Amino acid sequence: MLARAVTAELQRRGHQVDAPPRSELDVTDEAAICARIMQSRPAAVIQCAAFTNVDAAEEAEAEAFRVNAKATEYAASACHKIGAALVYPSTDYVFAGTGERPYRPDDPTGPVNAYGRSKLAGERAAREAGRYLIVRTSWLYGAGGRNFVDTIRRLASERSRLEVVDDQVGRPTWTGTLAKAMVELVMRGATGVVHVTDQGEPVSWAGVAREVVERLGAKVEVVPVPTERVPRPARRPAYSVLDCSGAEAVLGEALPEWRGVLAGYLAS
């Protein structure tokens, strides 16, 4: 999902892109990933390959770590050898979700699930590249992969009533927003850790679902419910709002507001 958006953004800007499909490159194969990077010798590697199924990671934590952390370790090693920058997309789930203000990049982490732990381990691995950029985001949606927005769009055509969690708060982010910001940050030589999400008033999952339903004009009742009403294998942070002021300062402009971006996505 993100790889598709990043590839499109790079090609739009006229950059040469080496984006092998999963069938061609196993990112958990150290020899294969190092050989690919050493052969292509890119200016930057954007590590979009990821284990993103939050609930499945609870039962397959070792596999999540292989993809999210070990593969990043391999890429970081190769990047260090050729002087390439490593860009690592990460997640709001590295935080505990107990905050009362937007999380800053230097706030203490404390993931509450296996997925978050694997991504935090990936962040640590990315730092070994020497030149690295860790970009945390939240509630990602877009073309080419499973996501909450498309799930609600599908369910809105199948059901008349949806129960959706209302006590987890964050901001939805379109892959196009993240891809554009990531590429621009790389072009500007940004390093370290930044946060990038669509902006606007923080919202619950139920609020996002309601926005989707209203934009579609669907006759569906969205019923807000507490987290315990919808039990899942993995715990979720209750508060996932990220402070993106650092990224906006580097970009020289504000990131877009999530409602407008969502409306554009649904209309496309």
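These numbers were taken from a predicted model, which means no experiment stands behind them. Throughout, residue positions are numbered sequentially from 1 according to the sequence presented.
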*Applying the 4.5 Å side-chain criterion to the ILVMFWY set and letting contacts propagate, would Ile82 and Tyr132 be lumped into a single cluster?*
no
_Run Phe95 and Asp107 through side-chain contact (heavy atoms from CB on, under 4.5 Å) and show every step you take._
CA-CA 8 Å; Phe95 295 111; Asp107 279 336; 4.0 Å; yes
*Specify the closest pair of heavy atoms between Cys34 and Tyr74, including all atoms of both residues, with the distance to one decimal.*
SG-O, 3.7 Å
*Do Trp258 and Tyr141 belong together in a cluster built from hydrophobic side chains that touch within less than 4.5 Å?*
yes
*Taking only residues at least two apart or on different chains, which pairs with a member in residues 204-249 satisfy ring pair (Phe, Tyr, Trp, His ring centres under 6.0 Å)?*
Trp139-Trp205, Phe148-Trp205
_For a quick test of reading the model, state the closest non-hydrogen atom pair linking Arg215 to Leu266 and the distance between them._
CB-CD1, 3.6 Å
_Looking at Arg13, I want to see if its CZ is surrounded by more than 12 non-hydrogen atoms of other residues, nucleotides or ligands under 6.0 Å._
yes
*Can you list every pair that meets salt bridge (Lys or Arg N to Asp or Glu O under 4.0 Å) and has a residue in residues 42-58, with sequence neighbours left out?*
Asp55-Arg232, Asp55-Arg236
_For the OG atom of Ser160 and the NZ atom of Lys219, what is their distance to the nearest 0.5 Å?_
12.5 Å
*Distance from Leu178 atom CG to Thr173 atom OG1, nearest 0.5 Å?*
7.0 Å
*Apply the side chain to side chain contact (heavy atoms under 4.5 Å, CB included) test between Arg171 and each candidate in Asp198, Val208, Val241; give the one that qualifies.*
Val241
*Within the side chain of Thr7, is there an N or O that forms a donor-acceptor pair under 3.5 Å with the backbone of Arg4?*
no
*With distance as the sole test, does Asn68 use its side chain to make a donor-acceptor pair with the main-chain N or O of Phe51 at under 3.5 Å?*
yes
*Residue pair Cys48 / Val6: nearest heavy atoms and the distance that separates them*: SG-CG2, 4.1 Å
